[in-house]
There are 4 protein chains.
Amino acid sequence: MAKPRSSEKRNMIFQAGLRLFAQNGYSKTTIKDISTEANVSFGTVFTYFTNKEELFHLCVTEPIDEFRNYLIEPETLENFNLGTLKEMVTKHLNFFLEKEDYLRVIQYVIGQPERFSETMEELDQFSDEFMSFIQNVVQTGMEQGVLPESNPEEVGYGYLAFLMGARLTFTDYPGVQLTNALGKQAYRLFGIGI
Amino acid sequence: MAKPRSSEKRNMIFQAGLRLFAQNGYSKTTIKDISTEANVSFGTVFTYFTNKEELFHLCVTEPIDEFRNYLIEPETLENFNLGTLKEMVTKHLNFFLEKEDYLRVIQYVIGQPERFSETMEELDQFSDEFMSFIQNVVQTGMEQGVLPESNPEEVGYGYLAFLMGARLTFTDYPGVQLTNALGKQAYRLFGIGI
Amino acid sequence: MAKPRSSEKRNMIFQAGLRLFAQNGYSKTTIKDISTEANVSFGTVFTYFTNKEELFHLCVTEPIDEFRNYLIEPETLENFNLGTLKEMVTKHLNFFLEKEDYLRVIQYVIGQPERFSETMEELDQFSDEFMSFIQNVVQTGMEQGVLPESNPEEVGYGYLAFLMGARLTFTDYPGVQLTNALGKQAYRLFGIGI
Amino acid sequence: MAKPRSSEKRNMIFQAGLRLFAQNGYSKTTIKDISTEANVSFGTVFTYFTNKEELFHLCVTEPIDEFRNYLIEPETLENFNLGTLKEMVTKHLNFFLEKEDYLRVIQYVIGQPERFSETMEELDQFSDEFMSFIQNVVQTGMEQGVLPESNPEEVGYGYLAFLMGARLTFTDYPGVQLTNALGKQAYRLFGIGI
DNA sequence: CATGAATGAGGCTTCATTCAT
DNA sequence: AATGAATGAAGCCTCATTCAT
């Protein structure tokens, strides 16, 4: 009963699931919808995923590793200055604004933590890691005199809230323009006036 | 066919609907769940609401007016200084952190705008009003020399994103502590304390 | 619990029921529909009729007596000639073509005899009476040399079938024209060529 | 989404639907009833038919083609005489008396034309074709001196009414006997034996 | 008598999952 | 591995009937 871990078709189904779960939520999305979107027959979905719940869980959790590597860059800490900070912020904002489908399902899960508790746990863990990284950034920035006196925890809270909200709040807006506008505000959260 | 607009039972159902939609989303929430939670029989739900969809739509849109009056205070503009600004921010944060159920359903809708397009429209309209109010606040603050040079639109974007994200991101955290922490960050978005 | 036998409102409800049962059948017609059509409140229907089933049964059976008197005229037998026969046929045809609503519900019941067995019995009884009357007419006509040699039973069968079919088959056609056309055919069933 | 057009099971469901719709009408007949009668699971009905309404519509309209071929025989016109006419009448009567289930649903639809307007249209079309065929028969019969002077349209009306009524009126009667009795009356409608 | 809110049984339909091919 | 017909549990909604006002 072991499901194949990788294959062309599995990926098609996975992407289709991600897209549709993001757009319509869990219950509204049907296996039929997914199979159609993936150009795959109905039964094939069950060849690669045990059931709908597992597919959803994997759509949310599988990409976490990739994103961890992308969003948490130790180099930022090693070689810290205003330039690397701004690069980091831009990277974060772009990611949150571009990975629309993925962020949506994440927000979907976060919005119903009791319902998807198991999935939520894995997200929480990543969220903690990310927050802790940001706090490190703030700490480092303060120590090096690049950032003003701040409470690293508070900055972390605010920054994460800001990033999540950006994705949630501005669905239709053109990306680049928004990145610039929100970028300035993000710097302000770190205490940088420009 | 005309459904009674107000009654003890209607309100029970409404509140139960809001609570459950917030917790489990639209599809997962059943009319049976709602009627049980409201201590009302199954059929009674349909005495007050045409169908599930309408109940959901009303759960999202009916409170808007009340919140408009609460969140958009023209007095803030008439008598503007750092104190009134901080009061406003505190009020906003408290609201976004306390009206948990309501904010969750709003975020649920925003996360699936195509699915709930009609409901989304009414939310968008309110969001525009709110953003425009914030921009007025920034403009007034700048004119009076209370706020530093800023792009009002950018501050509006950032502030709204921040508020929405606050609610979404920190579900379990104790309110007061978080209000303080996030409050400082909110001021920073207006350019205060940088 | 005795229901009032006659009243302005009862009659309104009765007529509305007849009309709607004729148009939409039993199950599709709701008490709400009937009360609305009768300009009466919902609950009032139950003031005059025990339940829906009884209302339907009465809509079909109550008018029978009136129609018996109209359709079965002993005078036709007492003073028989071609003229009275033609008068009778015209009367019958007009009745079957004009009492649209009533004939429709009758045909509705006849079409589902197992479903409305009790109601059907009363209709059957009337149908027997009517058939027997027609056989008498034929017998009398033959004895008086007005009608050709015929099997009275067969004429009765055919004539009733013809009348019922007329009502069923030609819903939209203009009455007078049809009465003339079908009248000639009815005479033929009695063996009269014109 | 495409439903299989033919299969053992589809046919079982179709026949069961026809039988039950004929016996109890549309609303009273449940999908559960049909599936049970067809020895099929509940859900299987929806594998072959989109919904109840479509099943009903098809029960009424699908057999039309077959019956068109059976009831409308051009040969009757090509080789016309009293014998072929009587054969035709017998054929028609047998059909109307034997296809009990099918005729009942037809009459059910005709009795509620507003309710089943789409289905009714297809029936009307066939009815026109049939009537036109009968008129041709009468015209031909007159031209060949086999039938007396008649108004073909009137004969058509009367004959169709007669056939429809035969089925409706005599539900319980033994077929053969009735065919003979009604046969004679049918000839009379064509002006034969008067 | 008149009214209509309250109730819940019952029907249609959807859809995840199974399984034979 | 791939397919899709078969299944039936579960949800929404309708509506006859009751009953308190």
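Scope of the values below: all heavy atoms of this structure, side chains included, with no hydrogens, waters or symmetry mates. Quick note on labels: first sequence line is chain A, next is B, and so on, each numbered from 1.
- Map Gly43(D) and Glu53(B) each onto its nearest nucleotide of DNA chain F; the residue landing nearer the 5' end is Gly43(D).
- For Lys9(C) and dA2(E), the shortest distance from a side-chain N or O to OP1 or OP2 is below 4.0 Å.
- When each of Lys32(D) and Val40(C) is assigned the nucleotide of DNA chain E bearing its nearest heavy atom, the one mapping closer to the 5' terminus is Val40(C).
- Per the geometry, CD1 belonging to Ile13(D) stands 14 Å off P belonging to dC12(E), to the nearest Å.
- With distances taken from any side-chain atom of Ser41(B) to the nucleotides dG8(E), dG11(F), dC13(F), the minimum falls on dG8(E).
- Here Phe126(A) and Phe67(A) keep their ring centres 6.0 angstrom or further from each other.
- Taking the six-membered ring for Trp, Phe56(C) and Phe116(C) have ring centres closer than 6.0 Å.
- Distance CZ (Arg10(D)) to C1' (dA6(F)): 17 Å, rounded to an integer number of Å.
- When the nucleotides dT14(F), dC12(E), dT17(E) are ranked by their closest atom to the side chain of Phe46(B), dT14(F) comes out on top.
- Using a 4.0 Å heavy-atom cutoff across all strands shown, Phe49(B) reaches no nucleic acid atom at all.
- Between Lys52(D) and dC12(E), a side-chain N or O to OP1/OP2 separation shorter than 4.0 Å is present.
- Residue Thr44(A) is in base contact, counting any heavy-atom pair closer than 4.0 Å across all strands shown.
- Note: CD1 (Ile34(A)) to C1' (dA16(E)) measures 11 Å, nearest angstrom.
- Taking atom CG on Asn39(D) and atom P on dG8(F), their separation rounds to 13 Å, with Å as the unit.
- Between Arg104(C) and Glu114(D) there is a salt bridge, since a side-chain N of the basic residue sits under 4.0 Å from a carboxylate O of the acidic one.
- The nearest whole Å value for the distance from the NZ atom in Lys28(C) to the P atom in dA16(F) is 13 Å.
- Checking dG11(E) for Watson-Crick or G-U wobble geometry (two distances, each under 3.5 Å) identifies dC12(F) as its partner.
- A cation-pi arrangement is present between Lys52(D) and Tyr26(D), with the terminal nitrogen or guanidinium carbon under 6.0 Å from the aromatic centre and inside a 45° cone about the axis.
- Within 4.0 Å of Ser35(A), counting heavy atoms only, lies no atom of the nucleic acid at all.
- Counting any heavy atom pair closer than 4.0 Å across all strands shown, Ser7(C) reaches no nucleic acid atom.
- Using a 4.5 Å heavy-atom cutoff, the side chains of Gln112(C) and Tyr108(D) are in contact.
- Spacing between atom CD of Glu54(C) and atom C1' of dT17(F) amounts to 14 Å, rounded to whole angstrom units.
- Checking Ser27(A) against Phe42(C), the closest nucleotide of DNA chain E that is more toward the 5' end is the one next to Phe42(C).
- Proximity of Arg167(C) to Glu100(C): side-chain heavy atoms (C-beta onward) are separated by under 4.5 Å at one or more points.
- Taking atom CD1 of Ile31(D) as the reference point, atom P of dG8(F) lies 16 Å away to the nearest angstrom.
- At dA5(E), none of the side-chain N or O atoms of Tyr48(B) fall inside 4.0 Å of OP1 or OP2 (strictly under the cut-off).
- Pairing partner, dA16(E): dT7(F), with both Watson-Crick or wobble hydrogen-bond distances short of 3.5 Å.
- Look at CG on Leu55(B): it is 10 Å from P on dC13(F), rounded to the nearest Å.
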